[in-house]
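Residue numbers start from 1 in every chain, and the chains themselves are labelled A, B, ... in the order their sequence lines are given, proteins ahead of strands.
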Amino acid sequence: MAAADTFSISTPIFYVNDAPHIGHAYTEVAADVLARWNRQSGRDTWSLTGTDEHGQKILRTAVANGVSPKEWADKLVDEAWVPLLKTIDIQNDDFIRTTEDRHESVVQAFLQKLYDTGFIYDGEYEGFYCVGCEEFKQHGDLVEGAGEFDGQLVCPIHGRPVEVLKEKNYFFRMSDFQQRLLDLYESQPDFLQPDSVRNEIVSFVRRGLDDLSISRQSFDWGVRVPWDDSHVVYVWFDALLNYISALGWEPTADAPAFERFWPSNHIVGKDIARFHSVIWPAMLMAADLPVPRRVFAHGWLLVGGEKMSKSKLTGIAPSQITDVFGSDAFRYYFLRAINFGQDGSFSWEDLSARYQAELANGFGNLASRVVSMVGRYCDGILPAATEVTAAEERIHEVLASAVARAEGAMDRFAIHEALAAIWTVVDELNGYLTEQEPWKVAKDEERTARLHTILYTAADGLRALAVLLSPVTPQATQKLWRALGAESALGSLTDQRIPDAGVWGQLPAGAVVSPMEGLFPRIEQEAAV
RNA sequence: GGGGCGGUAGCUCAGCUGGUUAGAGCAGUGGACUCAUAAUCCAUCGGUCACGGGUUCAAGUCCCGUCCGCCCUACCA
């Protein structure tokens, strides 16, 4: 079991059938910010992402494109999914692909263990299968087709006809775990969040669970069932195991990384919450392994009031945003504007407005004015604070409170709340400068000490902001860190501990404050439609 | 059919276990200021809290019903 001071987190592994859109990027960014935050909070941290590459859908796509499924997967991983991580500045510790040996061997070992312990049996399954969903459908789930599929039964999600499949399958005794799952949801309420998703899953499980068909015979693009190579493992059963295969789990031998970092926190979209909160913990229970620390389901990105989708042409590539606003702005915007866990509206207007108001005019301009004044009035040498008044004490209090609230919020994965708390410091410092009017104080030679106190206070406030915002806007805060001359005295930015960020007076007087490019330059209007 | 979530200022959203004149940000308007990215700060305009009943000394906040949106789930066939 992982020790108390560790933190491990995963994104879903993404299906390599399409190019990434901002919904995928949103998930990645959220997990990345939580990982960076926890790492900077002093926890032994590990973050995982990767790709899901098996299944009939990918096989068919590859065939349609005239390549082997592995070639298809390689191409998408190299050209789309790995580059995505760079586009949005993800700092993952590992990247797992389900076609890697280290994964497939774990899938087989896990399956064999369940087979040996009686949790898997063979049976026959006949049903309607949707290739798009990679799952069997109940008759009632299907709808009448229209247009070219008139008269046929089609999958309501994909709008394409389902196929009647009858095959020998291996089944996992998931039904055995109904009560243990219900007990889990009840005894550990934060196992599955937010509550809206939790409620749905609880009522779903209460109705009873069927055993799960976990093998397929009709195609061969998947992990072989170890004792029967005419079957491949059902893609979801395969995919979920990435969370422990990446940690090197083994059924018999010790696995140091697994011991150190399992159980993980899983960030998922709410569409796949059920796989992660029902099937996955049941699998782990069967194998006598700890269930995940937490499954957190985030909401949809809504574009024009509707769930973003490629088919409706509302799909947006992350680079469309980062090319204009940069990766920091992408990361900040989606985490600040959307209640993590709820659906959230995306619009270019809102993105543009928040960039301008909060990043450029708020944080960026604050940094500019402080750095500029230290340069102008103190020759770029940070002065000392000597006379602390109520105004400075007020700043200290706001900062301490912001740190405490941000930490509490991040522990609950309420990322938007944490950002709102941190931003009170930005607003307070801007107000402080306007009220203290250091540009006027500078004209009075008898008030030099006062001037120095004001500038020091503002600069040390920026130091705290750089630390607190480093997980969210790593590029801009690094620029600021350098400009403040903090590195030589305090060390690198990412080594600064978040719990200590509110301790006042860390920037040493005498630090060399150097001119700085704007953290968030104004964006010309035509770029944002 | 059963269930969940949401419907609060022009826009995006807060409002916990019911309690003074319903809040924030953005946008709008007026003013102050000039260190700064034509930035900042202050003030101000703006809401029948979807609708109709009910409980209560008191209800966005609880109960019932209706309408709208999204979602989970079931079934007739």
Side-chain angles (χ1 to χ4, degrees), chain A residues 137-144 153 156-157 194-210 269-274 277-278 297 299-308 333-334 336-378 409 414 416-417 419-421 423-424 426-443 451 454-455 458-459 462 476 479 483 513 515-525:
Chain A
K137 295 290 182 180
Q138 300 301 307
H139 190 268
D141 290 338
L142 304 173
V143 298
E144 289 287 334
L153 288 173
I157 295 168
D195 286 337
S196 54
V197 171
R198 186 168 164 276
N199 290 340
E200 284 187 0
I201 298 294
V202 167
S203 63
F204 171 79
V205 174
R206 276 206 183 114
R207 270 189 286 271
L209 294 174
D210 293 328
K270 66 183 182 183
D271 53 329
I272 55 173
R274 198 202 293 178
S277 59
V278 180
W300 305 129
L301 299 183
L302 306 178
V303 177
E306 292 189 1
K307 180 186 169 187
M308 184 184 66
Y333 171 73
F334 284 102
R336 173 66 193 268
I338 296 170
N339 238 306
F340 194 54
Q342 294 181 13
D343 291 353
S345 304
F346 168 81
S347 71
W348 287 96
E349 291 79 0
D350 189 42
L351 167 61
S352 182
R354 281 184 183 271
Y355 178 89
Q356 206 64 254
E358 295 166 17
L359 292 176
N361 300 348
F363 181 39
N365 184 53
L366 171 67
S368 287
R369 58 199 305 212
V370 174
V371 167
S372 165
M373 282 191 280
V374 173
R376 174 183 297 222
Y377 303 131
C378 304
H416 56 289
E417 272 185 48
L419 280 172
W423 229 255
T424 61
V426 174
D427 293 337
E428 198 65 29
L429 283 171
N430 267 322
Y432 169 78
L433 287 177
T434 300
E435 283 171 20
Q436 300 305 317
E437 302 178 306
W439 49 92
K440 281 188 183 168
V441 178
K443 290 174 182 162
L451 172 69
I454 296 167
L455 293 183
L462 282 176
K479 265 200 216 172
V513 177
M516 180 184 69
E517 306 246 316
L519 261 26
F520 300 97
R522 288 183 67 80
I523 306 289
E524 296 313 316
Q525 278 305 306

For residues 362-371 of chain A, tabulate all N or O donor-acceptor pairs below 3.5 Å that involve a side-chain atom, not counting sequence neighbours.
unit_1 : atom_1 : unit_2 : atom_2 : d
A/S368 : OG     : A/G364 : O      : 3.3
A/R369 : NH1    : A/N430 : OD1    : 2.9

Is there a side-chain contact between A/L519 and A/K479, using heavy atoms and a 4.5 Å cut-off?
-> yes

Would you write out the dot-bracket form of RNA chain B, 5' to 3', with Watson-Crick and G-U pairs under 3.5 Å, [ ] for crossing pairs, | for pairs to other strands and . for unpaired bases?
-> (((((((..((((.....[...)))).(((((.......))))).....(((((..]....))))))))))))....

Below 4.0 Å: OP1/OP2 of B/A14 and any side-chain N or O of A/N339 = yes

May I ask you to evaluate whether A/S203 reaches the phosphate of B/C72, defined as a side-chain N or O under 4.0 Å from OP1 or OP2?
-> no

When rounded to whole Å, the OH to P distance for the pair A/Y333 and B/U12 reads 11 Å

Rounded to whole Å, the NZ-C1' distance (A/K270 to B/C72) equals 10 Å

What are the two closest non-hydrogen atoms of A/W439 and A/L433, and how far apart are they?
-> CH2-O, 3.4 Å

Closest heavy-atom contact between A/D350 and A/A337?
-> OD2-CB, 4.1 Å

Would you call B/G60 syn or anti, using the 90° rule around 0?
-> syn

For B/G30 versus B/C45, give the span between their C1' atoms, rounded off to a whole number of Å.
-> 10 Å

When rounded to the nearest Å, what value does the distance between C1' atoms of B/C72 and B/A27 take?
-> 37 Å

Student check: side-chain heavy atoms of A/V441 and A/Y377 closer than 4.5 Å | no

Rounded to whole Å, CZ of A/R198 lies from C1' of B/C5 at a distance of 15 Å

Rounded to whole angstrom units, what separation is found between the CD1 atom of A/I201 and the P atom of B/C5?
-> 15 Å

Where the side chain of A/D343 meets the backbone of A/W300, is there a donor-acceptor pair that is under 3.5 Å apart?
-> yes

Over all atoms of both residues, closest heavy-atom pair of A/F520 and A/L359 = CD1-O, 3.4 Å

In whole angstrom, give the distance that lies between atom CD1 of A/I338 and atom C1' of B/A14.
-> 16 Å

Pairwise P distance for B/C26 and B/C42, with rounding to whole Å | 10 Å

Annotated protein contacts, base or backbone, on nucleotides 30-41 of chain B with a non-hydrogen cut-off under 4.0 Å, one of B, S, - each | ---SSBBBSSSS

Say you pick atom P in B/U17 and the same atom in B/C11; how far apart are they, in whole Å?
-> 27 Å

Which heavy atom in A/T424 sits nearest to a heavy atom in A/A421, and how many Å separate them?
-> OG1-O, 2.6 Å

A/R206 CZ - B/A74 P separation (whole Å) | 16 Å

Using heavy atoms to find the nearest nucleotide of RNA chain B for A/D350 and A/R207 separately, return the residue whose nucleotide is more 5′.
-> A/D350

Write down the atom of A/F340, the atom of A/H416, and the distance for their closest heavy-atom approach.
-> N-ND1, 3.1 Å

